[in-house]
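We name chains A, B, ... by the order of the sequence lines, and we start the count at 1 in each one. Since the model is a prediction, treat every value here as computed from it, not as a measurement.
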Amino acid sequence: MSGGMNPAIVSGQPSQRADKNPDAPLFEGEYQDRFDKILSRYPDKRAALLPVLSLAQELRGWLAPEAIARTAELLELTPAYVRSVASFYTMYQLRPVGRHLIQVCTGIGCDLCGAEDVVERLLKATKTRIGETSEDGRYTVVEVECLGGCGFATMIQVNDKVYENVKAGDVEGLLKELD
Amino acid sequence: MAYPYAHPREVRLLSKYFGDKDAVGLEGWIERGGYQTLKGALDRSPEEIIEVVKESGLRGRGGAGFPAGLKWTFMPKDGERPSYLACNADESEPGTFKDRELMRWTPHQLIEGIIISSYAIRAQHAYIYIRGEFVDVVHVLNGAVVEAYDKGYLGVNILGSGYDLDLTVHLGAGAYIAGEETGLLNSLEGRRAEPRIKPPFPAQRGAFGMPTTVNNVETLAAVPHIVQNGADWYRQWGTEKSPGTKLFSCCGHLQRPGNYEVPLDFNLKELVYDLCGGPPEGRQLLALIPGGSSVPIMTPDELDCECSYEGIEAAGSFLGSGGLIAMDDSTCMVHAIRKMVDFYAHESCGQCTNCREGTAWLAKILRRIERGDGREEDLPLLLDVGSNMVGKTICPLSDSAAVPVVSGIQKFEDEFMAHIRDGSCTAVRRA
Ligand SMILES: Cc1cc2nc3c(=O)[nH]c(=O)nc-3n(C[C@H](O)[C@H](O)[C@H](O)COP(=O)(O)O)c2cc1C
Ligand code: SF4
Ligand code: FES
């Protein structure tokens, strides 16, 4: 096996991180290696599409038309096809987002336990509206469906970190922790 | 130790090490008896393994309850075409959070289950399709997979048996419908996660056009225990039709929310009041959903039943995924049902008109009732829209969306009428 990441887990890397850089080169160096390893796990190139889009997003924070076009070219698909797949999945960002993408679960389990209050406090503290990026580019707050941790309401995901049992009163502390 | 609360009445086969940080890594897992089943299993024939699982009566834990061993027999035995196992770790049915705990506390339990199951169905590649939002869990799982490769439990000639298996962790990107097994296969192939028309079933034409078995995390995690101890051992718990234990994810208005593992003949009411501690102090239970948001809502007087597949069905609902959602008397049922329908409206893949239009209409009508702008005709209208969504679509998401509405109106009509007639909410009056 070549060095670097084990090929078994290259398609299992979260696509949203705080150290995103919208100008990062796509699929070069260690990322070229990860790209090649992704392809090695499937019988055809199309199957690499989701992991490759995730890789592009991990680098740049969102999927600009250029990233979509490059992905299409490398996987021998059309940009229109790649866009239609990317737009199907909620975690692909087709517009830039803040450095901290704050995803609050407002699914039924969290809703019953006060998720709405948490959202309200977050919007107030970040001075934004839902889906809008704060002026300093730090925060984007979005509501998401069930995050699969309903017994730990309210569940919040910030980039690749998860916060359990968040109450409205915890919001200020959480935001402080993010910087 | 269960997580986050343990209860002496649980029977913890799969959840025994929840909360035990030392059980997560390979070394700690082996100290706790991990991977002991694997060696013995690879010495037996695939048919023998399938037979034990069939005898055990283990039913799929992803929601439909299809017998696992029987499903495995649909796979070809000639080995002419490549075949696959897809582990469904997309867990996104609102109220369900058991697979997440299984993976974050006992990833090796799942991996051992995957290897043995893959061997039984003669798959040479297994994919764990894990939902994109499990960003913390996937790191734990990734670590365990690398450990298993390094130790020779995965890869070429596993433990000298001559059996080769690759395992790939494949992270989704946010789509509930990718949990439906054929939606999952499309997603794995790099397509929109749109469910396929069946037949062909995955065992005939699954991933990449090849024979594939799709099983839920909890199903696969149970396999090593059954193969190690035998079918009779597993059948000492539960009922004839629902053998064994099951994890119930319990959330909402409960004193002790969390996962509890109980034999499938456990009493549902006792699960809610005894293990979970019932609703918070000073509150009464108003409604309960026993199996994820797509099963009928139950009222407190209906809960004195067995937690088995057949027991909950006789009581008017379904076991589903075992995601139990408790609602106390501070809940506005119109709001709660609207939230659940909003979910399905958002997650409908849009292929079928009845589902796409139906979910949107239900959400719209419920929203106006919740606001106090509803009309008397809205209840029959909701039921009418709902009846057109059942049994008419490619996958059952459409049915799922109608379920909370129909059962909700049946059981909480007065709450709907209070909103419609007086524009007032019964929950506010109760608070
Ligand atoms: C809309 C929909 C969503 C589903 N979501 C999941 C899921 O998140 N996880 C899961 O294991 N099964 C889910 N299922 C069930 C799968 O289609 C399939 O039956 C299951 O993965 C088979 O595994 P099992 O037999 O081990 O339960 C879903 C089904 C439907 C119709
Ligand atoms: S029922 Fe709904 S979710 Fe299922 S295939 Fe049809 S449109 Fe898609
Ligand atoms: S409802 Fe919030 S995690 Fe499930």
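- Taking a cutoff of 4.0 Å between a charged side-chain nitrogen and a carboxylate oxygen, A:R17 and A:D160 do not qualify as a salt bridge.
- Using a 4.5 Å cut-off between heavy atoms, A:S87 touches chain B through its side chain atoms alone.
- Salt bridge annotation for B:E101-B:K98: absent, with no cationic side-chain nitrogen under 4.0 angstrom from a carboxylate oxygen.
- If you measure heavy-atom distances from B:R104 to chain A, the contacts under 4.5 Å come from the side chain alone.
- By number of non-hydrogen pairs under 4.5 angstrom with chain B, the leading residue of A:Q103, A:Q157, A:Q16, A:K161 is A:Q157.
- With a 4.5 Å cut-off on non-hydrogen atoms, B:L167 touches chain A through its backbone but not through its side chain.
- For chain A, no part of B:L154 is nearby; none of its heavy atoms comes within less than 4.5 Å.
- By the 30° and 60° cut-offs, the orientation of the rings of A:F35 relative to A:F27 is tilted.
- Counting heavy atoms from C-beta on, the side chains of A:T140 and A:T133 come closer than 4.5 Å.
- The part of B:T331 that comes within reach of chain A is its side chain, from C-beta onward, which places non-hydrogen atoms under 4.5 angstrom from that chain.
- Heavy atoms of B:R131 lying under 4.5 Å from chain A belong exclusively to its side chain.
- Note on B:R192, B:K339, B:E133: by heavy-atom pairs under 4.5 Å with chain A, the leading option is B:R192.
- Below 30°, between 30° and 60°, or above 60°: for A:Y42 and B:Y127 the angle between ring planes is below 30°, a parallel geometry.
- Ranked by heavy-atom pairs under 4.5 Å with chain A, the list B:E93, B:M327, B:E189 is led by B:E189.
- Heavy atoms of B:F208 lying under 4.5 Å from chain A belong exclusively to its side chain.
- A salt bridge does not link A:E172 to A:K167: none of the charged nitrogens lies less than 4.0 Å from a carboxylate oxygen.
- Using a 4.5 Å heavy-atom threshold, the side chains of A:L123 and A:R129 count as separate.
- Using a 4.5 Å cut-off between heavy atoms, B:A193 contacts chain A through both its backbone and its side chain.
- Taking the charged nitrogens against the carboxylate oxygens, A:R121 and A:D117 have no contact shorter than 4.0 Å, which rules out a salt bridge.
- Taking the six-membered ring for Trp, B:Y176 and B:F343 have ring centres closer than 6.0 Å.
- Put simply, the side chain of A:R34 reaches to within 4.5 Å of the side chain of A:E58, judged on heavy atoms.
- Only the side chain of A:D44 comes within less than 4.5 Å of a heavy atom of chain B; its backbone N, CA, C and O stay farther away.
- Ranking A:T106, A:L49, A:L147, A:N159 against chain B, the residue ahead of the rest is A:L147, based on heavy-atom pairs under 4.5 Å.
- Of the N and O atoms on the side chains of B:S187 and A:Y89, at least one donor lies less than 3.5 Å from an acceptor on the other residue.
- Chosen from A:T90, A:L53, A:I38, A:L75, the residue pairing most often with chain B at heavy-atom distances under 4.5 Å is A:T90.
- Contacts with chain A were tallied for B:E91, B:M340, B:H253, B:M210; B:H253 has the most, counting heavy-atom pairs under 4.5 Å.
- Proximity to chain A involves both the backbone and the side chain of B:V146, based on heavy atoms less than 4.5 angstrom apart.
- Each of B:I177, B:D166, B:L254 has some count of heavy-atom pairs under 4.5 Å with chain A, and the biggest count is that of B:D166.
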